[in-house]
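Below is one structure, written out as structure tokens, with a few remarks after it.
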Protein chains: 2
Amino acid sequence: MSPTSSAPVPDQPATPPRTTPGNQAPGRPAPDSTRRSERSRRAIYDAALALVGEVGYPRTTIEAIASRAGVGKQTIYRWWTSKGEVLLEAFLDLSQRAAEELGEEWVFPDTGDLAADLKLVLRATVDEMLDPRFEAPARALAAQGVVDEQLGRTFVTQLLEPQLQLYVERLKSAQEQGQVRRDVDPRIALELFVSPLAQRWLQRSGPLTHEYTDTLVDYALGGLSPR
Amino acid sequence: MSPTSSAPVPDQPATPPRTTPGNQAPGRPAPDSTRRSERSRRAIYDAALALVGEVGYPRTTIEAIASRAGVGKQTIYRWWTSKGEVLLEAFLDLSQRAAEELGEEWVFPDTGDLAADLKLVLRATVDEMLDPRFEAPARALAAQGVVDEQLGRTFVTQLLEPQLQLYVERLKSAQEQGQVRRDVDPRIALELFVSPLAQRWLQRSGPLTHEYTDTLVDYALGGLSPR
DNA sequence: TGGAGAACGAGACGATACGTCTCGACTCCC
DNA sequence: GGGAGTCGAGACGTATCGTCTCGTTCTCCA
């Protein structure tokens, strides 16, 4: 997934360290999040991301994460229910930090030329998809989300939809400027260029190049039928 | 993935039972495929598909497949290297049998009305994506393919690309009839409606309806810009 | 028709990793 | 300064892994 898991992450309500353990199953007394060790949390994120990059998702075990982070296993089980959940949070955290590096507020460009703006953003997305720092964890999460419905929904809601919303707003602006038909639903329209890119990335069903995304934008805006 | 993993599978060279064990690593003497037990092979396919549907991919273990199929574990390890590979073959086999049920040769409709033909096929694909018989294994394979490059390439090559090729041919026909611009690359063009559908299915990022796919076709053919 | 050889079903085996649990050390708050 | 709760560490029983024997069954060829 993550058609655009990439592209600098904008505001996003800055998910706080997370107060509720996923592990809030009945029976167990809820752990006290105010006493949680920030140091351990960070170390676990780092270890999880590093391991996924180095040995792949299947061999990224809870025990390996704990050992690498210099942390007891119970500290992981206390706050998370699965390694997918750990990795999702680690990745969300990584995205946020990356976004902060990029300056206060990143906004979707709006030069008045829709095609140019879309091409610019999609080119940046391609670059990010090829960034090895993101590749491994993003793929692992996407795969997990396909199979694990709850994780998938969190992934989509927290990471994907906020991204897509930026496209929606840019397309609405284009509608006001008369560059996009008024009767078009922006939430569907954006899928014409975002989904093919995401799909190629996930399935490796074709090369990811700037020319490719430029072409997608041209086809989507101009249509396949003769004009 | 499998944007169109569905849609009746056409000819396809009818992958024979598979002669080489994936397990053809060095050292081990290659097993003699002519003496292979057809009965066991079928039982393993059935068990694998059933288990994935019942308990999900992660809990579909090799041991469970062997036990359910009434087969020794070694019989599985002799012919396959991983459960992903087992499931992929089982699913390919299922697709082929489903295709055969559908009559000799299924061909992409070509009534001369491209929009109508595409809508028809995409509606059928939606229906198939919602068929529980396909859902579980298809999701599991898609997820595995995202993370396991070799499996993913096999999945794309054997299952996906043959499907997509049908769209390519239909689009070329439309180009000859003047319904699609000549300068359009059909392999990319098809992604405008196929990928969004696949993406929604995989990510559960929106409802899968006939109206949705109809809209995709309209947007892709007509373009988003005012005409 | 009978023997050889390979695949077969069954399951024992050591190696992980699972998730739970207990322990003493530490830290924060009353 | 005492209590409660998290922490690192690791022992524990269970489950699955992939490999490895066992006899048995099947098939081909002499």
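Numbers restart at 1 for each chain; the letters A, B, ... are given by sequence-line order, proteins then strands.
- Of the candidates D:dG8, D:dT16, D:dC26, the closest approach to any side-chain atom of B:Arg35 belongs to D:dC26.
- OP1 or OP2 of C:dG9 has at least one side-chain nitrogen or oxygen of B:Ser40 nearer than 4.0 Å.
- Looking at the side chain of A:Glu63, the nearest of the listed nucleotides C:dA7, C:dG19, D:dC7 is C:dG19.
- For the pair B:Arg41 and B:Trp79, the cation-pi test (distance below 6.0 Å, angle within 45°) is failed.
- The salt bridge (Lys or Arg N to Asp or Glu O under 4.0 Å) contacts involving residues 67-77 of chain B comprise B:Glu54-B:Arg68, B:Glu63-B:Lys73, where partners must be two or more places apart or lie in separate chains.
- Taking only distance into account, the side chain of B:Arg78 never meets the base of C:dC8 through a donor-acceptor pair shorter than 3.5 Å.
- Checked against C:dC8, D:dT16, D:dG18, the side chain of B:Lys73 finds its nearest nucleotide in D:dG18.
- Under the 3.5 Å distance criterion, the side-chain polar atoms of A:Arg170 are matched with a main-chain donor or acceptor of A:Pro109.
- Not a single donor-acceptor contact under 3.5 angstrom links the side-chain atoms of A:Gln74 to the base of D:dC7.
- Taking side-chain N and O atoms only, A:Trp80 has no distance below 4.0 Å to OP1 or OP2 of C:dG19.
- Evaluation of the side-chain contact (heavy atoms from CB on, under 4.5 Å) rule for A:Arg187 yields A:Glu161, A:Leu164, A:Val168, A:Asp185, A:Leu190, A:Glu191, B:Arg200, B:Ser205 as partners, not counting sequence neighbours.
- Distance CD1 (A:Ile62) to C1' (C:dT16): 14 Å, rounded to an integer number of Å.
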